[in-house]
There are 2 protein chains.
Amino acid sequence: MEELRFLYLKQEDVIEAGVLDMKRTIKDVEEVFRLYAEGKVVMPPKSPIDFYDNDYRGHIISMPCYVGGDIDVVGIKWAAGFPKNPMRYGLPLGIDIIILSDPHSGRPLVIMDGTIITAMRTSAVTGIAIKYLARPDSEKVALIGAGVIGRTTLMALPYCMSNIGEVRIYDIKLEKAKSLANEFKERLPISVVRSLKSTVMETDIIITATTSTNKFVKSKWISKGSLCIQVGTNEFDENTVLSADKVVVDNWEQIKDYRRSMLAQLYKEGRLRDNQILELPFIVAGKQPGRENSSELIFFDSFGMACEDIIVAYRIYRNAVRKGLGEELELWKRPLWK
Amino acid sequence: MEELRFLYLKQEDVIEAGVLDMKRTIKDVEEVFRLYAEGKVVMPPKSPIDFYDNDYRGHIISMPCYVGGDIDVVGIKWAAGFPKNPMRYGLPLGIDIIILSDPHSGRPLVIMDGTIITAMRTSAVTGIAIKYLARPDSEKVALIGAGVIGRTTLMALPYCMSNIGEVRIYDIKLEKAKSLANEFKERLPISVVRSLKSTVMETDIIITATTSTNKFVKSKWISKGSLCIQVGTNEFDENTVLSADKVVVDNWEQIKDYRRSMLAQLYKEGRLRDNQILELPFIVAGKQPGRENSSELIFFDSFGMACEDIIVAYRIYRNAVRKGLGEELELWKRPLWK
């Protein structure tokens, strides 16, 4: 009985354990937002390490978090994002690993692929943002970026909009946009658009999910009453933020220190102040106002919070245990020293 | 070829790959200290999460780090420390996991037990501190704490002292001290002492490696010219620090923000200033002075740096690959999304 065992779940196990259930992911993330707003989450700032060749090459971030309440689990996501991976190595852009540990002894419970969890919870947040920040009569959606997060965004839309009239999709690689639209054509009224401007114009919700380092959405394309959701870090022009009636983020403490973030830049320049910022978890918990009328232009910046990963990973872990999935590994057969 | 594989090393594999080689560990840590002093290490602050029942129960820390130069690897240690583990669960106090990743694609190279690495590198730092900060004619060592780190401390002594005349060991549990002394009796002139004061008095080097939250070493017991090495966080009284001729740490940025550290408390109270602090990596690199004469009392506080773990883990990983140790795991057979 001296051996210490934990579960290992590869991506295929994570999928079999139910990670593709977007409805449940949205429910999990709303739950953890409420716990966060109640002070039951301990989440140190993300620690990104950025890599450069001549240009930015990629980053790897450690995201530790304790989720309390009924959940009571601590964990970390070790998340890599290397935009050139698909082209250079035939690898996904994101490669994430999650460890969950018992907060009573520190022993590991599970090590698992976190790549799909990242995509699912990111778009669950987009869904929650739509639920609380979009006009209830929103019908038209613009999606810029037909990558992995573009796909999970499309998965989330039906759970947060009562009537989807039109989804326009744009990607700098036309083929990617076509292929993603094709995947969803039975489920959504989706069409590929060839110009950015026509994608964005006269839509109610504009979602950007790209790795762009250049701001490409112009505020003049955006109608009053819209919701802008920036999932990347530098996609809307500054005027969109500065002219928004509300600027909402997931977690301001983390964003304002992250130098690659456009909001952090505006903050540093004194053009955006702490007291202008609202946070989605507090809106979900009813402690801050969401949308208050149909003419507000709301800008939401999604940076990602470790607690989202940990709550989803914990559900997947429990499902995997119940279903007998994955592989038991030993951290040791017998610890050399005690 | 779509599968993504990495190596998994349990503690027994890590041992077979050479983790118990203290001489080499000291060499590794000196090397990474030089890289650090040259600005070739990117090490975000440790992020500790502390747990409390009524009292402090334990903590878990995420320690990410990129080590550049010829090493060029990024990694993270997820380190749990729960002092009541041995009694409550029959588990070691420390339970650590290390992930190393390729800084070019973010793909994982290895996931491994990091528990032994932690102990080895911690005492390698103690050894390096002795090498650079103790009087060269130091002969007598006091070791308080006969736990895991006490053992690795004894392993390090022969590599950093030219003449070991006497090692006195003390633990609040006498049996633990006796048992550890017995383990080393062929290799070191070691004796168990039953009072703290007699352990410390008239020694040249005093090392504390305990989980105590009460300061128990009194400055009046300590002779001029000594080296005090605090491996825990609260072991020497304040006067030892305040009366020391030099206060040396491994990494001041991390220590001064960690609220459980005694030095952080002194700093907060304005009794210790930034410009009083020297850092061991810069001393090793010859950029700051070490010991300058035989009468200096030097206080060294060892907090632990992620770069120490990563360089040692990388050597172990390469050895394991060479020897064909461990188990290959798949993060995925085929990624669902690219």
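Numbers restart at 1 for each chain; the letters A, B, ... are given by sequence-line order, proteins then strands. As the structure is a prediction and not an experimental result, all values here were calculated from the model.
The contact between A:Y66 and chain B is made by backbone and side chain atoms together, counting heavy-atom distances below 4.5 Å. With a threshold of 4.5 angstrom between heavy atoms, A:H104 approaches chain B through its backbone and through its side chain. For chain B, the nearby parts of A:P335 are the backbone and the side chain; heavy atoms of each come within less than 4.5 Å. For chain B, no part of A:L9 is nearby; none of its heavy atoms comes within less than 4.5 Å. Within the 4.5 angstrom heavy-atom criterion, no atom of B:P86 approaches chain A. Residue A:I61 does not touch chain B at all, counting heavy-atom pairs closer than 4.5 Å. At a 4.5 Å heavy-atom cutoff, the contact between A:A119 and chain B is made by side-chain atoms alone. When heavy atoms are compared at a cutoff of 4.5 Å, A:L336 approaches chain B by way of both its backbone and its side chain.
Residues forming a side chain to side chain donor-acceptor pair (under 3.5 Å) with B:K176 (at least two apart in sequence, or on another chain): none.
Interface remark: of the candidates B:S105, B:G147, B:G81, B:S105 forms the most heavy-atom pairs closer than 4.5 Å to chain A. Counting heavy-atom pairs closer than 4.5 Å to chain B, the top residue among A:P64, A:A80, A:P108, A:G58 is A:P64. Counting heavy-atom pairs closer than 4.5 Å to chain B, the top residue among A:R57, A:E330, A:M43 is A:R57. Counting heavy-atom pairs closer than 4.5 Å to chain A, the top-ranked of the candidates B:D96, B:L329, B:I15, B:I111 is B:L329.
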Q) Are A:W332 and B:I116 close enough, and set up right, to give a side-chain contact (heavy atoms from CB on, under 4.5 Å), and what steps lead you there? A) CA-CA 11 Å; A:W332 49 68; B:I116 307 278; over 6 Å; no
Q: Would you sort out whether A:Y8 and B:L331 count as a side-chain contact (heavy atoms from CB on, under 4.5 Å), showing the intermediate values?
A: CA-CA 9 Å; A:Y8 175 69; B:L331 192 61; 3.8 Å; yes
Q | side-chain contact (heavy atoms from CB on, under 4.5 Å) between B:E327 and A:E327, intermediate numbers included | A | CA-CA 12 Å; B:E327 181 180 350; A:E327 183 180 347; 2.5 Å; yes
Q: Could you please spell out the steps behind the side-chain contact (heavy atoms from CB on, under 4.5 Å) verdict for A:T115 and B:W337?
A: CA-CA 9 Å; A:T115 311; B:W337 297 322; over 6 Å; no
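Residue pairs meeting the salt bridge (Lys or Arg N to Asp or Glu O under 4.0 Å) criterion with at least one partner in residues 60-76 of chain B, sequence neighbours excluded, do not occur; the list is empty. Identified under the salt bridge (Lys or Arg N to Asp or Glu O under 4.0 Å) test for residues 98-116 of chain A, with sequence neighbours left out: none.
B:S101 contributes atom OG, which lies 6.0 Å from atom CD1 of A:I97 (distance to the nearest 0.5 angstrom). Within the model, atoms CG of B:L91 and NZ of A:K338 stand 7.5 Å from one another, a figure rounded to the nearest 0.5 Å. If you take CZ on B:R334 and CD on A:E12, they are separated by 9.5 Å, rounding to the nearest 0.5 Å. In this structure, A:K10 NZ and B:R5 CZ are separated by 10.5 Å, a value rounded to the nearest 0.5 Å.
Under the side-chain contact (heavy atoms from CB on, under 4.5 Å) rule, B:I60 has a single partner from A:I76, A:V74, A:I99, which is A:V74.
Residue-environment remark: CD1 (B:I172) stays at or below the threshold of 12 foreign heavy atoms within 6.0 Å.
Contacts of residues 44-52 of chain B with chain A at a heavy-atom distance below 4.5 Å involve B:P44, B:P45, B:S47, B:P48, B:I49, B:F51, listed in sequence order.
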